[in-house]
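Just below is one structure, and these are the notes that go with it.
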Amino acid sequence: MQQHEIDEQVFDLYDEYCHGKINRRQFFERAAALTIAGASALSMAQSLIPNYAEAQEVLFTDERIKATWVDYDSPGGSSGSMRGYLVQPEGEGPFPAVLVMHENRGLNPYIQDVARRFAVAGFLALAPDGLAPIGGYPGNDDDGRAMQRTLDQSKLRQDMVNSARFVKSHALSTGKLAATGFCWGGGTTNFLATELGDELQAAAPFYGAAADTDKVRNISAAVQLHYAENDERVNAMRPDYEAALKAQGATYEMHVYPGTRHGFHNYSTPRYDAEAANLAWSRMVAFFQEHLV
């Protein structure tokens, strides 16, 4: 089912489901109770569930990359150790490094694919699994979302800080680091920009919660922000964040993609907007290439 065929009310319910306000059963029940054009909206709701198998753009067998799982120390994090999906381009390196952070459900196949895409573009990419300390991404987003809610958020963020430092200092890294993330990962990208200071050269959060405006003064990285037009919750934070970036004299770009919704880059659901996602991707890759030289 295409995005234009899905009613606004169903998208609103899906947003509640994605952010843990209702569970899958409640999402389907409430959609089924909606009558749209004389029919139940249940089929619309079902079409929004991610189909990761069909969405991959770079297979793990692609000869242009090498993907491995790595374990590393994470002091102050959820358990003191972490696990991530490390993808390197072909060649001996070194390569500029990119940290790729997942949504609020652990390291699912979509984020792994994003890491592989970065490697094809010439970056050493690390996608940490924030759920690794409690068993790792469980194979489905519902259980992953529930697991991520059980974690101490400050420790989970520390795991991301440690992951950034791990890939920055990796033997295959040039020592230049960028970070990106989506939804929860977008908010955490903003957080890392305030936390890492000059350790981070570039950041590109996608529809993520704004950084604490009191900490924007700590940002040294160039920041490229990507927002969906129809994303009321996240966009409400945008004006104050931009004002703080301006006051700081930060290097930043802000892009809002017309007609899009939260999650428009995730090509596994009908919220995906191919034109906006491709434009955002090309902008981000060029931005990282510029600032990680």
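- The backbone N or O of Leu124 lies less than 3.5 Å from no partner atom in the side chain of Gln88, so there is not a single donor-acceptor pair.
- The shortest non-hydrogen separation linking Pro133 to Asp159 is CG-OD2, 4.0 Å.
- To the nearest 0.5 Å, the span separating CG on Leu172 from CG on Leu126 amounts to 12.0 Å.
- A donor-acceptor contact closer than 3.5 angstrom is absent between the side chains of Asn218 and Thr194.
- In this structure a side-chain-to-backbone donor-acceptor pair under 3.5 Å is missing from Thr180 to Pro205.
- For Asn108 (side chain) and Ile111 (main-chain N/O), a donor-acceptor pair under 3.5 Å exists by modelled atom type.
- Taking hydrophobic clusters as Ile, Leu, Val, Met, Phe, Trp and Tyr residues chained together by side-chain heavy-atom distances below 4.5 Å, Trp69 shares a cluster with Val100.
- Side-chain atoms of Met254 and His226, non-hydrogen and from C-beta on, never get closer than 4.5 Å to each other.
- The closest donor-acceptor contact from the side chain of Gln201 to the backbone of Ala221 lies at 3.5 Å or more, if one exists at all.
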Checklist line | Residues Arg238, Tyr227; criterion side-chain contact (heavy atoms from CB on, under 4.5 Å); working and verdict | finding: CA-CA 9 Å; Arg238 201 172 72 210; Tyr227 291 100; 3.4 Å; yes

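- Across Thr213, Asp212, Asn190, a single residue satisfies side chain to side chain donor-acceptor pair (under 3.5 Å) together with Tyr241, and that is Asn190.
- Note on Leu131: it does not cluster hydrophobically with Val114, by side-chain heavy-atom contacts below 4.5 Å among ILVMFWY residues.
- You'll find the side chain of Asn266 stays beyond 4.5 Å of the side chain of Tyr272, heavy atoms only.
- A 4.5 Å side-chain heavy-atom check between Gln289 and Phe123 finds at least one atom pair inside the cut-off.
- In this structure, the separation between OG1 on Thr174 and CG on Leu292 is 6.5 Å, given to the nearest 0.5 Å.
- Nearest approach of Gly122 to Pro89, heavy atoms of both residues: C-CG, 3.6 Å.
- Proximity of a side-chain donor or acceptor of Thr260 to a complementary backbone N or O of Glu229 within less than 3.5 Å is detected.
- Side chain of Asp231 to main chain of Arg261: no donor-acceptor pair is present (N/O by atom type, distance under 3.5 Å, no hydrogens or angles).
- Here the closest non-hydrogen pair linking Gly181 and Thr189 is N-OG1, 3.1 Å.
- Between the CG atom of Leu177 and the NE2 atom of His170 there is a distance of 13.0 Å, given to the nearest 0.5 Å.
- Between Arg117 and Val87, every side-chain heavy-atom pair lies at or beyond the 4.5 Å cut-off.
- Under the 4.5 Å side-chain criterion, counting only non-hydrogen atoms from C-beta, Lys176 is not in contact with Lys168.
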Next item on the list: Check the pair Glu253 / Arg283 against side-chain contact (heavy atoms from CB on, under 4.5 Å), numbers first and verdict last.
Entry: CA-CA 10 Å; Glu253 300 175 6; Arg283 281 173 169 166; 5.6 Å; no

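- Ring-centre distance between Phe118 and Trp281: below the 6.0 Å cut-off.
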Next item on the list: I would like to know whether Arg165 and Glu199 meet salt bridge (charged side-chain N to carboxylate O under 4.0 Å, His left out); could you show each step before the answer?
Entry: CA-CA 8 Å; Arg165 288 173 173 156; Glu199 293 180 76; 2.8 Å; yes

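- A donor-acceptor distance shorter than 3.5 angstrom exists from the side chain of Gln248 to the backbone of Arg217, with no hydrogens or angles considered.
- Annotation: cation-pi geometry not satisfied between Arg83 and Tyr72 (NZ/CZ under 6.0 angstrom from ring centroid, within 45° of ring axis).
- Atom CG of Leu59 sits about 7.0 Å away from atom CZ of Arg116, to the nearest 0.5 Å.
- With Asn235 contributing its side chain and Ala228 its backbone, the two residues share a donor-acceptor pair below 3.5 Å.
- Heavy-atom minimum distance, Glu16 versus Arg30: OE1-NH1, 4.0 Å.
- Taking Phe264 as the reference, Tyr207, Tyr257 meet the ring-ring contact (aromatic ring centres under 6.0 Å, His included) condition, with sequence neighbours excluded.
- The CD atom of Gln148 lies 10.5 Å from the CG atom of Leu107; values are rounded to the nearest 0.5 Å.
- Remark: the backbone N or O of Val58 is paired with a side-chain donor or acceptor of Asp113 at under 3.5 angstrom.
- Two residues are said to be in side-chain contact when any heavy atoms from C-beta on lie closer than 4.5 Å; Leu151 and Ser78 meet this criterion.
- Residues Phe287 and Ala202 approach most closely at CE2-CB, 4.2 Å, considering heavy atoms.
- We find that Glu90 and Arg64 are not joined by a salt bridge, their nearest charged nitrogen and carboxylate oxygen being 4.0 Å or further apart.
- You'll find the side chain of Phe60 stays beyond 4.5 Å of the side chain of Gln112, heavy atoms only.
- Taking hydrophobic clusters as Ile, Leu, Val, Met, Phe, Trp and Tyr residues chained together by side-chain heavy-atom distances below 4.5 Å, Leu196 shares a cluster with Met82.
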Next item on the list: Walk me through it: do Lys246 and Tyr252 pass the test side-chain contact (heavy atoms from CB on, under 4.5 Å)?
Entry: CA-CA 9 Å; Lys246 285 182 177 179; Tyr252 80 97; 3.1 Å; yes

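- Side chains of Asp198 and Ser220: no donor on one and acceptor on the other come within 3.5 Å.
- Hydrophobic clustering of Ile, Leu, Val, Met, Phe, Trp and Tyr side chains at less than 4.5 Å, counting indirect connections, keeps Met101 apart from Phe206.
- A side-chain donor from one of Asn140 and Asp143 sits under 3.5 Å from a side-chain acceptor of the other.
- For Phe182 and Tyr110, the ring centers are positioned less than 6.0 Å apart.
- With contacts defined as side-chain heavy-atom distances shorter than 4.5 Å, the pair Ser173/Val167 does not qualify.
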Margin query: What verdict does the side-chain contact (heavy atoms from CB on, under 4.5 Å) test give for Val293 and Phe288, after you've listed the backbone C-alpha separation in whole Å, the side-chain angles of each residue and the deciding distance to 0.1 Å?
Written below: CA-CA 8 Å; Val293 292; Phe288 286 176; over 6 Å; no

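- The main-chain N or O of Gly130 is found under 3.5 Å from a side-chain atom of His102 such that the two form a donor-acceptor pair.
- Hydrophobic clustering (side-chain heavy atoms under 4.5 Å, transitive across Ile, Leu, Val, Met, Phe, Trp, Tyr) keeps Leu225 apart from Leu192.
- Remark: Gln153 CD to Gln158 CD distance equals 13.5 Å, nearest 0.5 Å.
- Nearest heavy-atom pair across Ala115 and Ala125 is O-CB, 3.5 Å.
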